Amino acid sequence: MDKEAVAAVLLEIGTLLELKGENPFKTRAYQNGARVLEGLSEPLETIVAEGRLEGMAGIGEALREKITTLVTTGRLPYYEELKASIPPGLVEMLGLQGVGPKKVKKLHDELGVDSIESLEAACQAGKVAALDGFGEKSQSKILEAIAFRRQFASRHRLVDALNEAEPILEALRGHPDVTRCSTAGSLRRWKEVIGDIDFVVSSRNPAAVIAFFVAQPRIASVLAQGETKASVLLESGIQADLRVVSDREYPFALAYFTGSKEHNIAMRQRAIAEGLRLNEYGLFRSHEETRDPALREECPDEEAIYRRLGMGYVEPELREDHGEMAAAAADSMPRLVQWTDLKGSLHNHSNWSDGRNSLEEIAEHMQELGLSYWAITDHSRASFQANGLDPKRLREQIRAVGQVNRQVADEGMDFRLLTGTEVDVLKESLDFPDDLLAELDVVVASLHVPGSSEAENTRRLVMAASNPQVHMLGHPSGRLLLERDAYKVNLDAVIDACAAHGTWIELNASPYRFDLDWRLWQRATAKGVKCVINCDAHRLEHAGFLRLGAGIARKGWLTKRDVVNTLPLETLRRELARKRGK
DNA sequence: GCCGTTTTCGGCCCGACTGTTTTCAGTCG
């Protein structure tokens, strides 16, 4: 078993223990253990074989044994027995809003409820309301939660959440009672998939702000409304939460609600080590009274909070407990790439294959955006469903691109289109011969029709990475967020092959992909692999993906130096040529 | 289940909201 599989088992054990009514800290120990494994930068098999689980923070004797068993045998009797003792429907019930482990246990013990369906029936029969600790209200809330779950999967792509959040944030910003405001939560951390939208506002008149918030357009229902917070369900199915605090408390609330939960826990522990106590209202010089203003440390902004704890500032994108606490404490945080550093995109389509726009339209639009270059990398012939180009059409396209570039040059513009292809990685070869690839400025190699085995897909991508004509691998995992999982592939081996051959890896900035995953970039750059943030644009407005992709690159700790398409055109041309010399 | 320069036992991050309660448990973020 690899580390993802082992981590998934540990997480599930945590959930099952919760349902059994186990000590919540035991549950957390399993969740922590899973996160430790996910953050490992080398194969778990190696670590286990070399006995290096010993001494790893968060992995004690019990977890070490269980992990070792899972890695070496692929099974764990403890887990299998635990799983068999709990009906699978109970885990599903935990996903309902307002239903936690205690309630699930009670519903199961007292009513024999073992699935969402039987829970719904029990509610309709009025049995839930009659239970001790439940009532009419909780029964109807459960029915609502079941209906909500049926209507919407409660996870949303970043871009959809941004499109909902930005107009509301603008509205809040314009309200006279709002002093400061921001998004928070996973949206501010730029997670590729988010659960709900969080806003934090400072105001002297919270009631007015809350009333204004719940009256925003496109709200389907108000889920909760108190004196300091409110929750609404937007018509799009995304939940949005608002928290209102005083301006003095604002930096603390913003930090707190930005999370992640793991980052917050680490921050609190650091505060305790400094003899302080941190919560969403402030940083206090006492363990006794948590909200006494006289004991509050003054921090006008988030930077000041980190400074007071003896750390450098941590950008929101990095607050994932992925090493940022140690880096900030050592004041060695990287200077992250910014989307305005990007000079163009090296993987894009035109109406020659499955894109919408002509070469002329693309050139005009991208130079108006202030970009320096834009590669046209249409599909190769194997992607016939996408109208892939054969060698003859590709050579025609090379000439057409040259023509557009001559026009652009005649107008005195610095902008250039680059010729290229997104060549299919077939079973034994690339879809174009090397001599044709050599005629192109940019070659992206992508696996579009994966095989069923990890070994085969890995072999194919390693083959592509080893071809001197290939500049970069496109969307190396093939995942489509919330739609399709990654194909089976050993990305560690692929990263190693890219490192060995100087081949770059794309960070596909399409909001459906964000592939390579941000969690793997620290590992890739540590091995010297460069990143290219590509739009994979199929229409003009997809140029906006550069902003999304840059945010994901920041989550991966990437600096300007790590990202090839921050280079100006002439330097980029040299790098493209140099890559082929390797 | 993890962890320790106060501890090898007894802690483990913290507060708001909701509903069922009459002082609090459960859930959520």
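Order of the sequence lines sets the chain letters (A, B, ...), proteins ahead of strands, with each chain counted from 1. Remember, it's a predicted structure, so these values are computed and weren't measured experimentally.
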Check the interface with nucleotides 19-23 of chain B: list each N/O to N/O pair with the protein under 3.5 Å, or write none.
unit_1: B/dG19; atom_1: O3'; unit_2: A/Ser138; atom_2: OG; d: 3.4
unit_1: B/dT20; atom_1: OP1; unit_2: A/Gly135; atom_2: N; d: 2.6
unit_1: B/dT20; atom_1: OP1; unit_2: A/Gly135; atom_2: O; d: 3.1
unit_1: B/dT20; atom_1: OP1; unit_2: A/Glu136; atom_2: N; d: 3.4
unit_1: B/dT20; atom_1: OP1; unit_2: A/Lys137; atom_2: N; d: 3.4
unit_1: B/dT20; atom_1: OP1; unit_2: A/Ser138; atom_2: N; d: 3.1
unit_1: B/dT20; atom_1: OP1; unit_2: A/Ser138; atom_2: OG; d: 2.6

Classify the glycosidic conformation of B/dT7 as syn or anti, calling it syn when the angle lies within 90° of 0. syn

If I pick the C1' atom on B/dG1 and the same atom on B/dT6, what distance separates them, to the nearest angstrom? 23 Å

Could you go through residues 204-219 of chain A and list every donor-acceptor pair under 3.5 Å that involves a side-chain atom there, pairing it with any protein atom two or more places apart or in another chain?
unit_1: A/Asn205; atom_1: OD1; unit_2: A/Ala208; atom_2: N; d: 3.4
unit_1: A/Gln216; atom_1: NE2; unit_2: A/Phe212; atom_2: O; d: 3.3
unit_1: A/Arg218; atom_1: NH2; unit_2: A/Glu164; atom_2: OE1; d: 3.4

Distance, C1' atom - from B/dG26 to B/dT21, rounded to whole angstrom: 12 Å

Does A/Trp557 have its ring centroid less than 6.0 Å away from the ring centroid of A/His322? no

When the nearest nucleotide of DNA chain B is assigned to A/Gly226 and to A/Ala62 on a heavy-atom basis, which residue is associated with the more 5' position? A/Ala62

Would you kindly check if the NZ (Lys) or CZ (Arg) of A/Arg307 is within the cone defined by 45 degrees around the ring axis of A/Tyr313 and under 6.0 Å from the six-membered ring centre? no

Pairing nucleotide - B/dT8, Watson-Crick or G-U, each distance under 3.5 Å: none

Set out, in order, the CA-CA distance, both residues' side-chain angles and the distance that settles salt bridge (charged side-chain N to carboxylate O under 4.0 Å, His left out) for A/Arg243 and A/Glu280, then state yes or no. CA-CA 11 Å; A/Arg243 188 71 174 228; A/Glu280 64 258 54; 3.6 Å; yes

Result for salt bridge (charged side-chain N to carboxylate O under 4.0 Å, His left out) between A/Arg554 and one of A/Glu324, A/Glu320, A/Glu315 points to A/Glu315

By the 4.0 Å heavy-atom rule, please label A/Lys106 as base, sugar-phosphate, or nothing. nothing

By side chain to side chain contact (heavy atoms under 4.5 Å, CB included), A/Asp2 pairs with (sequence neighbours left out) A/Glu4, A/Ala5, A/Glu45

Specify the separation, in whole Å, of atom CE of A/Met267 and atom P of B/dC14. 14 Å

Just the atom pairs and distances: protein N or O near nucleotides 3-12 of chain B's N or O, under 3.5 Å.
unit_1: B/dC3; atom_1: OP1; unit_2: A/Gly58; atom_2: N; d: 2.5

Phosphate contact (B/dC17 OP1 or OP2) by A/Thr228 side-chain N/O below 4.0 Å: yes

With sequence neighbours excluded, tell me which residues meet side chain to side chain contact (heavy atoms under 4.5 Å, CB included) with A/Phe25. A/Asn23, A/Arg28

Would A/Glu22 and A/Lys105 pass as an ion pair if we require N to O under 4.0 Å? no

Counting any heavy atom closer than 4.0 Å, what does A/Gln31 reach on the DNA or RNA strands: base, sugar-phosphate only, or nothing? nothing

Are any of A/Tyr281's side-chain N or O atoms less than 4.0 Å away from OP1 or OP2 of B/dA16? yes

Note: A/Lys229-A/Asp241 ion pair, threshold 4.0 Å (strictly below): no

When you measure from the centre of the six-membered ring of A/Phe134, is the NZ or CZ of A/Lys106 closer than 6.0 Å and no more than 45° off the axis? no

Just the rounded figure in Å: distance from C1' of B/dT18 to CD1 of A/Ile142. 13 Å

Pair A/Gln97-A/Glu144, side-chain donor/acceptor within less than 3.5 Å: no

Between A/Tyr281 and A/Phe252, is the ring centroid distance below 6.0 Å? no

Base versus backbone protein contacts along nucleotides 24-29 of chain B [heavy-atom cut-off under 4.0 Å; B, S, -]: --SSSB

Using the C1' atom as the point on both nucleotides, what is the distance between B/dA25 and B/dT20, in whole Å? 9 Å

Please report, rounded to the nearest Å, how far the C1' atom of B/dG15 is from the CZ atom of A/Phe252. 16 Å

